Amino acid sequence: MFEEEKQDIEQKLKAFCEQNELPFVNLEWRHIPFSGEWGIALPLFALAAAEDRSEVKVSVPQRAQELAEMLAEFIGLPQGFTRVKAVKGYLNLYFSTSDYAHRITNMVLSQGSDYGKAARLGKKTMVEYSQPNTHKSMHVGHLRNVILGGAVSNILEFAGYDVIRANYLGDIGLHVIKWLWNYEKYHKDEQPAEDRTRWMGDLYAEADQRFSDEPGFEAEVRQYFVRWDRQEPEILALWEKTRQWSLEGFYQVYELLGEQFDRIYFESEVEEAGKVVVEKLIESGMAVDGRPDEPVFINLDEILGTKDEYRVSVVLRSDGTSLYATKELPLAVMKFDEYELDTSIYVIDVRQSLHMKQIFKVLELMGYEWASQLVHLAYEVVNLPGNMTMSSRDGTVVLLDDLIREATQRALDIVQEKNPELAEDKKVVIARAVALGAIKYPMLSRDNTKIVTFDWETALDFNGQSAPYIQYAHVRAGSILKKANNELPKDVSFGKELHISEVNLIEMISKLPGEVERAARVYKPLLIATYAFELAKAFNDFYNQCPVLSAEADVQAYRLMLVAAAKQSLANSLNLLGIEAPDVM
RNA sequence: GCUCCAGUAGCUUAAUUGGAUAGAGCAAGGCACUCCUAACGCCUAGGUUGGGGGUUCGAGUCCCUCCUGGAGCACCA
């Protein structure tokens with residue numbers, strides 16, 4: 001905005017510098033910290049500092065202020081601004097409040113659910129997230145990944161990227177073999193309980209326990225793995241059947257969370273390709289084949305001449321079975337071949353940073369040009385109070401099902417109390433939307449690099465900085481519009497003297513597109529989560545300060561516009577976070 | 001030992017990526033319901049941004065160093 005005006009002023013600045021024999025430096029525009037009116041600011045510290053270096057010693061802040069004052073005098077009042085002022089070394093140019101308000105609300109209302117959305121960039125990016133292991137449970141620790149990946153995908157899409165949402169299921173590997181062998185040995189022909197994910201998870205915990213505690217069990221599992229590798233039909237059949245049990249459970253969870261994937265990769269799908277890649281790596285001399293006693297590995301530090309930076313990557317076990325890295329290499333290639341991607345993002349927790357770094361480096365060394373476009377979006381783990389890690393063995397995991405059920409029940413109690421006349425099924429739908437929002441928000445409202453400590457109290461708190469707070473603002477806005485029969489006046493003008501909370505609300509509404517762009521650039525849903533809360537806060541303040549329905553006709557007219565624009569912005573922000581915006585609650 | 005991350009109010013945290021007076025929520029104390037949904041709002045209190053140096057007109061943000069906590073470092077993913 002105001003690009004022409006800025007250029008015009010820059011021209012004048014140049015003339016001003018020449019006229020006063022000042023050195024020329026590049027100055028950057030920024031926004032005036034908002035305090036009731038809008039404007040753009042030009043800091044003059046750089047110019048003052050340049051002068052300080054070249055000539056007489058001056059106090060930079062003082063000189064910057066002098067320059068700002070001189071410049072204010074020099075440029076006069078440019079078109080489109082209401083006043084120009086020198087403040088603390090900045091040249092501030094303020095623009096008309098009512099014009100701006102009018103411009104913003106019209107823009108929001110004409111763009112609707114697309115408000116905040118950027119033009120298409122023509123760039124394809126794949127976001128791989130969730131990556132659950134079959135035959136295990138899904139707990140709150142896994143939730144952060146799904147929610148983060150989903151939100152980042154939404155945000156990138158809104159920022160103009162063509163996004164492909166990918167999932168990569170760990171349907172094979174030692175953990176699966178452990179499960180299968182334990183089933184074969186102790187639970188043969190048992191049918192799963194109704195809650196499949198939980199049942200599978202319980203059996204996994206049992207298998208894992210035996211693996212480390214029961215003498216001989218590990219050896220049996222390893223042997224079973226080799227048999228799996230030989231593709232023995234009974235093992236394959238058992239694997240397919242039990243894998244399906246897991247998948248059914250997962251798809252239920254995704255549906256509940258509102259996640260959908262465009263492409264699901266399976267580890268089993270890339271396992272053979274991985275072994276081919278490993279053979280090539282050995283042939284090319286990059287990988288060292290230490291079999292039968294040692295695994296196949298790549299000594300990256302030795303190849304690159306680095307020290308303790310890339311370490312050693314093991315790409316195939318000594319018994320010839322595949323590892324994580326074995327499968328990751330062909331998968332990356334497959335993704336680029338299949339979709340002609342520009343970038344490929346991996347949402348994986350921070351503990352795998354070294355692994356990701358190694359894989360990216362190996363792909364680079366293999367000569368893939370796109371290797372520089374691989375991004376590991378690392379996030380910290382979810383812990384329990386007292387810095388406890390969730391562990392199925394210790395029985396400390398918080399299962400998704402339990403959490404959602406409990407949160408929904410609490411939300412339902414409140415809906416019951418506030419809206420007893422609603423239909424029962426509608427109450428449940430609302431309660432679920434509120435509960436899921438409450439669960440998702442704390443995982444999105446802190447930085448990716450921060451550990452999230454899960455505790456029931458926070459997860460079930462529907463007050464303060466939380467999704468229900470934001471949803472509630474949306475409901476209130478909708479309620480006003482409903483009482484006005486959902487009719488909006490046509491093109492009204494805003495009053496010259498707006499209330500401070502109206503001005504603040506307009507300011508927050510106007511920030512959405514910029515926040516989307518920022519959030520997409522740094523892969524941080526946190527920015528949208530914070531924004532949504534501040535927008536809701538601004539709306540609640542407006543709601544308390546400025547009556548709409550009882551206001552005089554002309555005031556009511558523009559306030560209705562403002563309410564509608566706020567509601568739209570709230571809905572759009574919540575959608576970006578993967579949180580529903582209910583109409584009643 | 002090496003590498004990465006975090007350290008901001010009692011607790012959970014934000015800070016437009018180096019800009020103007022470090023903002024919120026929870027918890028605490030006080031106020032406020034004949035008024036569009038009180039899952040709301042207002043006020044009070046709470047800060048040497050882990051310590052110390054440095055760069056800069058300007059540092060929570062960048063550099064160095066130390067302290068504390070966490071994670072990772074050859075066949076689990």
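All chains are named by letter (A, B, ...) in the order of the sequence lines, taking the proteins before the strands, and each is independently numbered beginning at 1. All values reported here derive from a predicted model rather than from experimental measurement.
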Trainee: When you measure from the side chain of K537(A), which nucleotide among C73(B), G41(B), C40(B) comes out closest?
Mentor: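 Among the listed nucleotides, the one closest to the side chain of K537(A) is G41(B).
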Trainee: Could you work out the separation of G69(B) and G53(B) based on their C1' atoms and round it to a whole Å?
Mentor: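 Each nucleotide's C1' atom is 24 Å from the other's.
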Trainee: Separation of Y324(A) atom OH from G72(B) atom P, in whole Å?
Mentor: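 Roughly 14 Å, once rounded to whole Å.
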Trainee: Taking the side chain of Q465(A) as heavy atoms from C-beta outward, which of G25(B), U21(B), G41(B) is closest to it?
Mentor: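 Shortest atom-to-atom distance from the side chain points to G25(B).
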Trainee: Considering every strand shown, what is the Watson-Crick or G-U wobble mate of G58(B) when both distances are under 3.5 Å?
Mentor: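 Its partner: none found.
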Trainee: Students often get this wrong, so: under 4.0 angstrom with heavy atoms, is I348(A) touching a base, only sugar-phosphate, or nothing?
Mentor: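 No contact.
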Trainee: Using the C1' atom on both, measure C57(B) against G51(B) and round to a whole Å.
Mentor: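 So the two C1' atoms sit 26 Å from each other.
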Trainee: With both distances kept under 3.5 Å, what pairs with C73(B), Watson-Crick or G-U wobble?
Mentor: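 Base-paired to G1(B).
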Trainee: Base of C2(B), side chain of R311(A) - is there a donor-acceptor contact under 3.5 Å?
Mentor: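 By the distance-only test, yes, there is a pair.
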Trainee: With respect to the side chain of R476(A), which nucleotide from G19(B), C75(B), A38(B) is positioned closest?
Mentor: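 Given the options G19(B), C75(B), A38(B), the side chain of R476(A) is closest to A38(B).
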Trainee: What is the ring orientation for F539(A) with Y543(A), classed by angle as parallel under 30°, tilted 30 to 60°, or perpendicular over 60°?
Mentor: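 Rings of F539(A) and Y543(A): tilted, 30 to 60°.
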Trainee: Does a salt bridge link R559(A) with E502(A), judged by any charged N lying under 4.0 Å from a carboxylate O?
Mentor: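 Judged by the 4.0 Å cut-off on N to carboxylate O distance, R559(A) and E502(A) do form a salt bridge.
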Trainee: Could you measure between the two P atoms, the one in A9(B) and the one in G47(B), and give it in whole Å?
Mentor: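 Going atom to atom, P in each nucleotide, I get 9 Å.
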Trainee: Given G41(B), C5(B), G1(B), identify the nucleotide with an atom nearest to the side chain of T449(A).
Mentor: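 Ranking G41(B), C5(B), G1(B) by closest atom to the T449(A) side chain puts C5(B) first.
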Trainee: Pick the C1' atom in U48(B) and in C43(B), then give their distance to the nearest Å.
Mentor: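 Here U48(B) and C43(B) have their C1' atoms 27 Å from each other.
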Trainee: Would you verify whether the NZ or CZ of K357(A) falls within 45 degrees of the ring axis of Y310(A) while also being under 6.0 Å from that six-membered ring's centre?
Mentor: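 Output yes; distance and angle both within limits.
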Trainee: Quick one: label V381(A) by what it contacts on the DNA or RNA (base, sugar-phosphate, nothing), any heavy atom closer than 4.0 Å.
Mentor: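 No contact at all - V381(A) keeps every heavy atom at 4.0 Å or more from the nucleic acid.
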Trainee: Please check if any side-chain donor atom of N145(A) sits under 3.5 Å from a side-chain acceptor atom of Y379(A), or the reverse.
Mentor: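 Yes, side-chain donor-acceptor contact under 3.5 Å.
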Trainee: Taking a pair as Watson-Crick or G-U wobble with both distances under 3.5 Å, which nucleotide is matched to G41(B)?
Mentor: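 Answer to the pairing question: C31(B), which forms a Watson-Crick or G-U pair with G41(B).
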Trainee: Taking for each residue the nucleotide of RNA chain B bearing the nearest heavy atom, is the 5' side occupied by S479(A) or by I172(A)?
Mentor: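 First, find each residue's nearest nucleotide; the 5'-ward one identifies S479(A).
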Trainee: For the side chain of N463(A), starting at C-beta, report the closest nucleotide among C76(B), C40(B), A77(B).
Mentor: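 So the side chain of N463(A) is nearest to C40(B).
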Trainee: Remember a base hit wins even if backbone is also touched, and classify V221(A) as base, sugar-phosphate or nothing at under 4.0 Å, heavy atoms.
Mentor: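 Here V221(A) touches no strand at all.
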Trainee: Any salt bridge between E66(A) and K88(A), counting N to O under 4.0 Å?
Mentor: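 Not counted as a salt bridge, because no side-chain N and carboxylate O are separated by less than 4.0 Å.
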Trainee: For F45(A), is the NZ or CZ atom of R63(A) found under 6.0 angstrom from the centre of its six-membered ring and inside 45 degrees of the ring axis?
Mentor: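 No cation-pi geometry.
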Trainee: Picking from C76(B), A15(B), G1(B), which would you name as closest to the side chain of L527(A)?
Mentor: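 Shortest atom-to-atom distance from the side chain points to A15(B).
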Trainee: Taking only the side-chain heavy atoms of F533(A) (C-beta and beyond), determine which of G41(B), A24(B), A77(B) contains the nearest atom.
Mentor: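 Closest of the options to the side chain of F533(A): A24(B).
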Trainee: Quantified in whole Å, what is the P atom distance between nucleotide U17(B) and nucleotide U13(B)?
Mentor: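 Going atom to atom, P in each nucleotide, I get 23 Å.
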Trainee: Roughly how many Å is it from CD in Q358(A) to P in C73(B), rounded to a whole number?
Mentor: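 Rounded to whole Å, this separation is 9 Å.
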Trainee: Find the partner of U8(B): check Watson-Crick (N1-N3 plus N6-O4 or O6-N4) and G-U wobble (N1-O2, O6-N3) distances, both under 3.5 Å, and reply none if neither fits.
Mentor: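 Here U8(B) is not engaged in any pair, so there is no nucleotide opposite it.
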Trainee: When rounded to the nearest Å, what value does the distance between P atoms of C42(B) and A6(B) take?
Mentor: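 To the nearest whole Å, 33 Å.
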Trainee: What is the separation between atom CG on L316(A) and atom P on A77(B), rounded to the nearest whole Å?
Mentor: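 Between P of A77(B) and CG of L316(A): 11 Å.
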Trainee: Can you identify which nucleotide, out of A15(B), G41(B), A74(B), has its nearest atom closest to the L526(A) side chain?
Mentor: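 Nucleotide nearest to L526(A)'s side chain: A15(B).
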Trainee: Of the listed nucleotides (A77(B), G7(B), C42(B)), which one gets closest to any side-chain atom of N133(A)?
Mentor: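 The answer is A77(B).
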Trainee: Identify whether the glycosidic angle of U17(B) places it syn (within 90° of 0) or anti.
Mentor: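 Syn for U17(B); the angle stays within 90° of 0.
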Trainee: Which value, in whole Å, describes the distance between the P atoms of nucleotides G72(B) and G52(B)?
Mentor: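 G72(B) and G52(B) have their P atoms separated by 32 Å.
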Trainee: Among C76(B), C36(B), C40(B), which nucleotide has an atom closest to any side-chain atom of R317(A)?
Mentor: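 The nucleotide sitting nearest to the side chain is C76(B).
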Trainee: In whole Å, measure the gap between the C1' atoms of G7(B) and A45(B) for me.
Mentor: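 Looking at atom C1' only, G7(B) and A45(B) are 25 Å apart.
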Trainee: I want to check one thing: is the phosphate of A14(B), taken as OP1 and OP2, less than 4.0 Å away from some side-chain N or O of K450(A)?
Mentor: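 Yes.
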Trainee: So, R351(A) and D349(A), do they make that salt bridge, N to O below 4.0 Å?
Mentor: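 Salt bridge: yes.
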Trainee: More 5' along RNA chain B: G173(A) or V87(A), using each one's nearest nucleotide?
Mentor: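 Upstream on the strand: V87(A).
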Trainee: Starting at atom CD of E457(A), determine the distance to atom C1' of A27(B), rounded to an integer number of angstrom.
Mentor: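 Computing the E457(A):CD to A27(B):C1' distance gives 9 Å.
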Trainee: In the strands shown, is G47(B) matched to any nucleotide by a Watson-Crick or G-U wobble pair with both distances under 3.5 Å, and which?
Mentor: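 Partner of G47(B): none found under 3.5 Å.
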